[in-house]
Amino acid sequence: MIEISGLSVEYESDSTSEKVISGLNLSLNKGDSLGIIGPNGCGKTTLLHTIAGLHENYSGLLRVDTTEEKIALILQDIGLLPWKTIWKNATLGLDLGLQGNRDGVEDLLYELDLYSYRNSFPSQLSGGQKRKLGLARALAVDPEILLMDEPFVSLDEFTRESLQEKVLKLWQDRNLTMTLVTHDIEEVAFLGRNIAVLSQAPASVKTCIENKNMGTSGFRRSEEFYRVVKRTRKELP
Amino acid sequence: MKKDLARYGISFTAMLLLWWLASITVDFVLSGPQSSILPNPVKAFSTLINHWGAIWPNFVRSAARLVISLIAAIFVGATAGLIIGFEEKISRFASPILYLIYPVPKIVFLPVILILFGLGDISRIIFIFLVAVFQVAISARDAAKNISPQWIKAVRSSGGNKLQIYRHVVIPATLPSVLSSARISIGMGIAALYLAELSYTNVGLGYYINNSWKVFAYSDVFAGILAFATLGLGLYVVVEALERGLCKWNYLDK
Ligand SMILES: Nc1ncnc2c1ncn2[C@@H]1O[C@H](COP(=O)(O)OP(=O)(O)O)[C@@H](O)[C@H]1O
Ligand SMILES: [Mg+2]
């Protein structure tokens with residue numbers, strides 16, 4: 001579904017150019033999930049934006065087996081539009097002309113406990129609710145690929161875990177291909193069936209860890225979960 | 001809302017009292033016909049009501065000149081300002097021009113305008129437009145410069161094109177600033193309107209006030225001033241209502 005090989009991305013300003021990703025290889029099958037972990041500033045956001053088609057200046061191979069419309073990206077700070085109601089934020093993609101159905105969005109808002117807020121504005125939501133709205137907006141356009149940039153950052157432990165469970169369920173129900181970027185070890189271990197550990201900037205994949213039992217019930221409390229966490233921690237740069 | 005009304009009532013009463021006091025003082029200090037140069041509020045209001053038939057056509061003409069100019073200034077200023085603020089390349093050339101012309105008192109252009117567009121209302125409208133437009137443009141420009149890149153990414157990553165970025169991000173993000181600059185431009189516009197109505201016309205509140213001065217009809221002068229104030233207040237109320245209606249997200253009780 002996604003195939004990346006020898007990917008390099010640089011940022012060019014007036015005089016200097018800074019290499020942020022260098023010779024990165026990754027691949028991900030349809031319906032699978034990939035958790036990418038790496039230190040702050042290593043290039044995770046840049047990688048996701050490149051996959052989403054927001055960066056045109058890259059070299060190397062980047063193949064995504066779907067149209068750009070079928071890729072949904074949840075931005076690092078969500079990017080909710082303060083002047084739009086919750087409903088209008090959730091249906092932004094549809095209003096911009098992407099495919100999807102509004103009844104589905106209604107169901108999604110019910111599922112994420114946001115329906116009663118549909119006429120409120122983002123500033124009236126809690127941090128967790130904003131994150132859920134970001135998720136609803138991404139899923140409203142029926143994507144095949146869901147890219148998430150540190151989607152649960154700055155949430156309390158309880159909210160974060162319940163949101164992770166929601167994402168897991170949505171992934172299973174909707175047969176999504178999911179990529180999640182984070183610097184939280186337990187998060188990649190919980191949501192990544194494949195875990196890619198990135199090096200310091202310029203980013204490349206340092207190790208790939210398989211996480212076969214991810215998504216099975218009670219996984220978070222299993223021995224296996226802690227083994228994966230431990231293994232991942234050891235690989236961090 | 002009730003509280004607002006109460007506060008307006010208190011300020012209004014205080015203003016009337018001060019006015020009255022000033023009027024008594026002037027009456028006391030000056031003597032002869034000049035002593036009535038500052039009539040008390042009751043006299044001014046009763047003149048406004050009694051001479052309403054004569055004032056009304058002037059009020060309508062002034063209101064038309066002002067409203068047309070301001071709508072044009074807000075529309076042109078906001079459009080130019082947000083394009084200049086949002087498009088980096090245009091900004092580099094246009095921003096210096098904007099800041100160069102902004103501080104110049106627009107009255108210096110009046111002779112040029114009169115020669116180019118004649119002595120009629122077109123010239124007056126262009127003059128008021130010029131007085132108001134730069135201020136609106138600069139507010140819109142500054143607001144557009146401060147647009148969060150995240151909002152643009154949100155629209156772009158959902159397949160939005162340039163036009164949609166304007167429609168869903170740039171315009172709503174700058175609207176509060178544009179409307180508050182519209183509010184400021186009402187005051188500037190009325191000052192410009194008064195100047196523009198001093199000559200080459202025999203209708204308009206500016207003309208009415210100026211003419212009343214000439215014939216020593218002081219209470220008519222103040223009736224005209226009250227009519228101006230009413231015009232300004234009416235426009236403020238309209239802009240305020242627009243702000244509340246169009247920028248709901250800024251008026252949430254949290
Ligand atoms: N638009 C940009 N222009 C120039 N440099 C950038 C830009 N965005 C990010 N960078 C730089 O690229 C590096 C990686 O950034 P980012 O991809 O956001 O990392 P991460 O998401 O892993 O924290 C950082 O050093 C950052 O300063
Ligand atoms: Mg990042």
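In what follows, chains carry the letters A, B, and so on, assigned in the order in which the sequence lines appear, proteins first and then strands, with residues in each chain numbered from 1.
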*Carefully, step by step, assess A/D95 and A/K88 under the rule salt bridge (Lys or Arg N to Asp or Glu O under 4.0 Å).*
CA-CA 8 Å; A/D95 288 342; A/K88 278 289 178 185; 3.3 Å; yes
*asked:* The test is side chain to side chain donor-acceptor pair (under 3.5 Å); show your working for A/E150 and A/T182 and say whether it passes.
replied: CA-CA 5 Å; A/E150 306 195 19; A/T182 180; 5.7 Å; no
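Only the side chain of A/K84 comes within contact range of chain B, with heavy atoms under 4.5 Å apart. For a residue to count as touching a neighbouring chain, one of its non-hydrogen atoms must lie under 4.5 Å from one of that chain's; by this rule A/L80 touches chain B with the backbone only. Interface residue B/S157: backbone and side-chain heavy atoms are both found under 4.5 Å from chain A. When heavy atoms are compared at a cutoff of 4.5 Å, A/L54 approaches chain B by way of both its backbone and its side chain.
The cationic group of A/R118 lies under 6.0 Å from the six-membered ring centre of A/Y115 and within 45° of the ring axis, placing it in a cation-pi geometry.
Between chain A and the residues B/S148, B/P176, B/A173, B/G159, the most heavy-atom pairs under 4.5 angstrom are made by B/A173.
Ring-plane geometry between A/Y11 and A/H55 is classed as perpendicular, the angle between the planes exceeding 60 degrees on a 0 to 90 degree scale with a lower cut at 30. Ring-plane geometry between A/W83 and B/W151 is classed as perpendicular, the angle between the planes exceeding 60 degrees on a 0 to 90 degree scale with a lower cut at 30.
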